[in-house]
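Input: a single structure, listed below in structure tokens.
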2 protein chains.
Amino acid sequence: MSTIGKALSLLDVISQLGKDIGLTDVARLAALDKATARRFLVELEKHGFVEQDEETRKYRLGAAPVRLARIRQERFPFVSVAAPFVKALADEVGETVHLSEFTGGRLSTIHVEDSSQAHRVIVDLGTPLPFHATASGLAYLAFLPADEIERALKRPMERFSAETVTEPEAVRLLLKETAKRGFSINQQGFEMGVISAAAPILAPSGKPVGALAVAAPTARTNKTRMLDIGQKTMAAAASIAQKYYGAKA
Amino acid sequence: MSTIGKALSLLDVISQLGKDIGLTDVARLAALDKATARRFLVELEKHGFVEQDEETRKYRLGAAPVRLARIRQERFPFVSVAAPFVKALADEVGETVHLSEFTGGRLSTIHVEDSSQAHRVIVDLGTPLPFHATASGLAYLAFLPADEIERALKRPMERFSAETVTEPEAVRLLLKETAKRGFSINQQGFEMGVISAAAPILAPSGKPVGALAVAAPTARTNKTRMLDIGQKTMAAAASIAQKYYGAKA
DNA sequence: TCTTGCGGTTCATTATTTGAACCTTTATTT
DNA sequence: AAATAAAGGTTCAAATAATGAACCGCAAGA
């Protein structure tokens with residue numbers, strides 16, 4: 001891998017941590033030599049992507065991405081366009097709703113609207129959503145061209161819970177259902193006790209760019225309710241796409 | 001410079017452009033060989049920091065920074081804490097207000113609240129604010145330790161307009177005034193026809209982390225009004241710091 | 001049809017990255 | 001308070017990755 005790739009992966013490691021981390025630990029997590037990790041961190045810090053706590057000497061994500069994100073959202077206001085729909089859906093179904101976007105080969109959560117209920121599903125910002133084990137991932141995959149689906153299915157599938165579907169053939173079946181129905185349902189495949197429904201956000205070309213998902217505690221749902229939630233999610237996803245792409249023409 | 005530094009500088013070039021750019025052009029702007037630029041772009045794209053338009057083959061800023069920015073702001077909600085104060089100040093003085101943060105060796109605008117008036121100053125997101133030629137820069141510099149001020153004054157000072165102050169001694173004087181008064185005033189030093197007042201956002205340690213600035217057309221202001229605006233800016237900056245740092249203790 | 005300019009690629013040369021070992025500082029244990 | 005451990009940070013010869021002049025193929029324009 002190129003130096004740049006390694007440095008950006010290091011940045012990913014730091015970003016997915018949620019708290020400050022020391023040099024030795026981050027080097028180990030990113031599978032880099034300590035000296036190498038240090039050099040990378042210094043470079044990243046120079047550009048503001050990482051910052052070091054003056055007191056603890058630990059490293060954390062810097063402020064540079066905030067500036068870049070502002071610029072990006074000025075031209076592609078995906079989150080700000082979607083936010084009201086996410087909120088409306090969360091209010092309507094009373095569960096946690098999250099929006100993800102495909103970037104850098106991964107599907108990542110970029111916005112969350114928490115359920116108002118006390119017992120709710122917590123979704124972390126930043127953690128990548130595995131394609132085979134989340135409703136969002138399935139919704140995204142299902143609307144990809146067949147060859148890209150096959151390529152994705154060839155990659156090893158990690159097990160996240162007792163219920164994770166890791167057989168390519170089984171995933172293929174889920175994808176077929178999803179494509180037919182318009183939204184996906186994932187039952188505790190990522191985390192036990194959580195059931196989700198998700199629909200893709202589709203560009204005018206038909207290519208998926210992200211997914212909208214509702215995550216609910218299993219205790220509060222049954223098949224019928226999930227199908228209803230799925231329908232609503234699908235409608236909201238379509239509205240987001242229409243608003244986002246419609247306004248640009 | 002390290003490969004990483006060069007790649008991040010390339011990203012900077014792309015971010016400050018505001019529109020898509022071709023390979024040859026971006027290579028020239030970033031002072032890189034075309035082959036090198038391409039390799040960097042491919043790496044950056046793999047991680048989502050850059051994306052290539054499928055149709056035009058041109059490159060633009062990707063969506064990865066949006067994800068990172070969300071994570072950063074979860075822990076350090078600088079913009080969201082400051083936004084209401086920025087808005088309030090903009091409403092109060094009726095001019096464009098912008099908030100900047102020091103990152104990666106530069107002061108960059110991360111939030112803007114436009115004036116409601118038809119004739120208003122336009123502030124671009126992302127363009128770095130030169131320390132010697134903007135009110136924000138002066139406000140930031142003025143509250144730095146003496147040795148850091150001197151280091152900053154040793155760097156060459158670019159001229160941006162006929163009124164830009166480029167003499168170290170003259171800048172030193174402006175900084176003294178700023179430190180004494182608590183806010184800076186910059187008269188057309190960056191752009192003709194624009195006068196600004198800015199106050200630093202100070203961390204509890206007394207170290208500046210950014211600046212809050214009001215930019216107004218010269219046609220609409222006089223010395224008295226700017227002093228009044230400066231006072232209000234200073235008060236708003238102090239409120240932001242208090243809210244931001246106060247809530248974390 | 002010919003030319004120009006662009007995106008993209010190649011491969012021998014060159015310069016940078018790498019990491020084991022080392023030093024330094026800080027925190028913990030004895 | 002001395003000893004120990006553990007972390008941050010640095011060095012320099014060896015290893016590896018980055019570099020760029022020249023190249024290809026394609027599309028737009030003359």
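None of these values were measured; they are calculated from a predicted model. Computed from heavy atoms alone, side chains included, the values below leave out hydrogens, waters and symmetry copies. Within every chain, numbering begins at 1; the chains are lettered A, B, ... in the order of the sequence lines, protein sequences first and strands thereafter.
The distance between atom CD1 of B:Ile4 and atom C1' of C:dA15, rounded to the nearest whole Å, is 16 Å. If you take CD of A:Glu43 and P of C:dT18, they are 12 Å apart, rounded to a whole angstrom. Taking atom CG on B:Leu41 and atom C1' on C:dT9, their separation rounds to 15 Å, with Å as the unit.
With B:Glu51 as the partner, the salt bridge (Lys or Arg N to Asp or Glu O under 4.0 Å) test is satisfied by one option alone out of B:Arg60, B:Lys46, B:Lys58, B:Arg57: B:Arg60.
Interface residues of residues 47-59 of chain A facing DNA chain D, ordered by number: A:Gln52, A:Arg57, A:Tyr59; criterion, heavy-atom separation under 4.0 Å. Only B:Asp33, B:Ala35, B:Thr36, listed by number, bring a heavy atom of residues 17-37 of chain B to less than 4.0 angstrom from any atom of DNA chain D.
A pairwise comparison of heavy atoms in A:Val121 and A:Thr96 identifies O-OG1, 2.8 Å as the closest pair.
A cation-pi arrangement, defined by a distance under 6.0 Å to the six-membered ring centre and an angle within 45 degrees of its axis, is present between B:Arg72 and B:Phe76.
B:Ser100 places no side-chain N or O within 3.5 Å of a backbone atom of B:Thr109 that could act as its donor or acceptor partner. In this structure, the side chain of B:Arg70 engages the main chain of A:Ile110 through a donor-acceptor pair within 3.5 Å. Between the side chain of B:Glu45 and the backbone N or O of B:Gln52, at least one donor-acceptor pair lies under 3.5 Å.
To the nearest 0.5 Å, atoms CG (B:Leu10) and CD1 (A:Ile4) are separated by 8.0 Å. Between the OH atom of A:Tyr140 and the NZ atom of A:Lys207 there is a distance of 6.0 Å, given to the nearest 0.5 Å.
Of all nucleotides in DNA chain D having an atom under 4.0 Å from a heavy atom of chain B, the first and last in 5' to 3' order are D:dA18 to D:dA21.
Using a 4.5 Å heavy-atom threshold, the side chains of A:Arg38 and A:Leu23 count as touching.
Using cut-offs of 30° and 60° for the angle between ring planes, the A:Phe131 and A:Phe102 rings count as tilted.
A salt bridge is defined here as a Lys NZ or Arg NE, NH1 or NH2 lying under 4.0 Å from an Asp or Glu carboxylate O, and A:Asp12 with B:Arg67 meets this definition.
For B:Phe40 and A:Arg39, each mapped to the nucleotide of DNA chain D holding its nearest heavy atom, the one lying further toward the 5' end belongs to A:Arg39.
Between B:Arg38 and C:dG7, a side-chain N or O to OP1/OP2 separation shorter than 4.0 Å is absent.
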